[in-house]
Amino acid sequence: MRQSLLNVLLLLLSLAGLVVSYAPTKAHCPKHEQSLLRTAKSLSDDETKWIAKRQKKTTKSFIKFLEGSNLTDFTEYDSVKDLVHSFKKPVTLAAAFSGGGYRAMLNGAGQLAALDSRTEGADEHGLGGLLESLTYISGLSGGSWLLGTVVLNEWASIQSIIDQEKIWNLTSSILYPSTSSTKNLLYFEKLFKAAVSKKEAGFDISAIDIWGLALANQFFPTLEYDNLTWSGVQKLDAFRNHDMPFPVISTNSGPPGSNLSALDAISTEFNPYEFGSWHRYVNSFTDLTYLGTDVVNGKPTGKECTKGFDNAAFIIGSSSDIFVGTGAAILFAGLGAYTALPEVADYLDQLNPEYESYAIYKPSPFYEFDNDLNPFLQVSEILLSADGGSSDEVVPFEPLIQPIRGVSTIFAFDSSADTDENWPDGESLWYTYERLQTYDNGSIPFPEMPTPETFISKGLNKRPTFFGCKADSDVPLVVYVPNINVSHASNVSTSTLSFSDEQKLAFIKNGFEGATRNNLTEDSNYRTCIACASIAKSLQENNIEFGTQCQSCFDDYCYN
Ligand SMILES: *[C@@H]1O[C@H](CO)[C@@H](O)[C@H](O)[C@H]1NC(C)=O
Ligand SMILES: *[C@@H]1O[C@H](CO)[C@@H](O)[C@H](O)[C@H]1NC(C)=O
Ligand SMILES: *[C@@H]1O[C@H](CO)[C@@H](O)[C@H](O)[C@H]1NC(C)=O
Ligand SMILES: *[C@@H]1O[C@H](CO)[C@@H](O)[C@H](O)[C@H]1NC(C)=O
Ligand SMILES: *[C@@H]1O[C@H](CO)[C@@H](O)[C@H](O)[C@H]1NC(C)=O
Ligand SMILES: *[C@@H]1O[C@H](CO)[C@@H](O)[C@H](O)[C@H]1NC(C)=O
Ligand SMILES: *[C@@H]1O[C@H](CO)[C@@H](O)[C@H](O)[C@H]1NC(C)=O
Ligand SMILES: *[C@@H]1O[C@H](CO)[C@@H](O)[C@H](O)[C@H]1NC(C)=O
């Protein structure tokens, strides 16, 4: 009786177009490409071309940002425009948004809003104009939810998300969205059907497929799953017009049996064109559009390629699999209520039991790749992915510190829960520094970082701090912005899964205030100091002296 009611409702839903394909499809392979893989000796041609066009826009925006920042040094130049045009290279700025579940997503939203001219008040008492000046932006786990939401909703402003009600409706848990059990059944039925359709198309599934689809329901409620791919970002107007920074999502990946939490784990990135890694074990990238294609040494083995494997729901699910990581516990606890659904039984049957709590990337794009690939990776037909923060590097620096990308200042927004009270203590910066010291032997410049003990004792987790001010010009300057309580106790645990609308807004407001020294009330020069931090490396590179104004900012904000 209940079953037939469900079927009728499901039929209605499918007629309404709400049940859509999540399964990858077959497509012609790209003619122009011999191989879908390349060794990462350079940036992809697509990225190089895109960045050149983006930087025409960022240079203009950045000059405008500086004009609104009361820079009084550099009197030998007629204008900040002349100053910026005197630099040998465009100023390349980037922002990284940490993991930390909804806490990180919502604080991050406020921090992002503080940089965005489209936010009410951001030009007057914030850092409005800086977002428009960024070349790159990265996110992992909770930070990938933030990044995914704004990017796929056509570079939506946080202001516009606040002003509507569909996106980020977090009032009820993602596991029990409705008080009506019939509605919940339908909700889950839809997710399970989608996941099983992927299995039926020949691809292994795990708990991450369901997790990602559930997230998509909150982040992209008005979009359709079937064309919601990360490579689809290429087709968005805001991307084609270079109106957003180059968005990159980080995960950790490796062949089965490798330790995805080790300090030296492989950090992988999804950018709109490619998937791959700069890690010495991989150092290769594959065309993201055709991820999921059977390949040997990068060459498709069949006549047709796979498309749609890079579903955005799956990718942000992969980046945030920590929620599912511990034995898929949270998800399967939630599923207890739904075992009556045939889709759930189907799904549980179809799961690959060995890897149920990892995201499964099979076939692996790196299979038998003939370069200096790690031998385990080279022979593995499966690539597993886990949370981008699995190895405690919760701020996604990796895509931004590659020398080839030439980033000079990185804004690092950290909402991780390092202390017992769920505040950050700089541990993530320390791990990145430590890893580079241990494994990279100086090939990737990064500022020297203090230990978490020093971080806490110097109060560096209580307000923004600049790192790498005095280091060589090839070392990026890091502007570290911790999650702090300005007006809201924004330290809820990572596993908090629902927020009232008031809480949501309080988080976003607090994030804005934390990123702006409480709307410039704690330091009316803060915007000027951020301007100084943004040009510091270019000044150094071009042998231009700081004046007293920037010097006094560095005295205030630089570590060491
Ligand atoms: C601009 O900066 C100068 C020098 O630091 C300072 O004296 C002045 O008060 C600032 N003006 C504003 C509007 O903040
Ligand atoms: C700070 O600015 C934001 C954005 O304009 C605003 O929402 C918030 O209320 C302001 N905070 C204070 C304490 O005025
Ligand atoms: C938000 O979600 C809840 C629970 O599903 C629902 O009752 C409410 O109507 C939704 N709000 C909006 C504005 O869609
Ligand atoms: C996805 O499909 C919808 C409906 O066909 C369309 O409006 C939208 O522009 C598409 N989005 C992308 C990124 O292609
Ligand atoms: C994986 O690496 C982490 C961090 O070094 C370590 O704590 C953990 O014990 C390792 N796990 C296994 C299974 O070796
Ligand atoms: C939040 O921080 C406050 C003060 O630091 C602490 O008392 C409280 O226990 C923390 N809350 C959580 C949920 O960790
Ligand atoms: C690290 O770099 C130094 C100096 O460039 C070099 O002498 C040394 O051999 C390198 N060590 C490793 C393990 O690559
Ligand atoms: C957070 O800050 C508000 C405003 O300053 C204060 O009332 C509250 O006690 C703080 N909460 C915590 C947990 O620190």
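Order of listing sets the numbers, starting from 1, for every ligand and every atom in it. Note: hydrogens, waters and symmetry copies are ignored here, and every other heavy atom, side chains too, is used.
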Original post:
Should Thr409 and Val407 be marked as a side-chain contact (heavy atoms from CB on, under 4.5 Å) after you check the CA-CA gap, both sets of side-chain angles, and the distance that decides it?
Top reply: CA-CA 6 Å; Thr409 300; Val407 175; 5.9 Å; no
**OP:** Decide yes or no on side-chain contact (heavy atoms from CB on, under 4.5 Å) for Phe512 and Val486, but give the supporting numbers first.
**Re:** CA-CA 9 Å; Phe512 186 107; Val486 182; over 6 Å; no
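The ring pair (Phe, Tyr, Trp, His ring centres under 6.0 Å) analysis of residues 362-399, with sequence neighbours excluded, yields the pairs Phe397-Phe446.
Listed by chain and residue number, the protein contacts of ligand 8 are Asn485, Val486, Ala489 (heavy atom within 4.0 angstrom).
Between Asp264 and Arg435 no salt bridge is recorded (no basic side-chain N to carboxylate O distance below 4.0 Å). Between Arg405 and Glu398 there is no salt bridge, since no side-chain N of the basic residue sits under 4.0 Å from a carboxylate O of the acidic one. No salt bridge links Glu522 with Arg463; every basic N to acidic carboxylate O contact stays at or beyond 4.0 Å.
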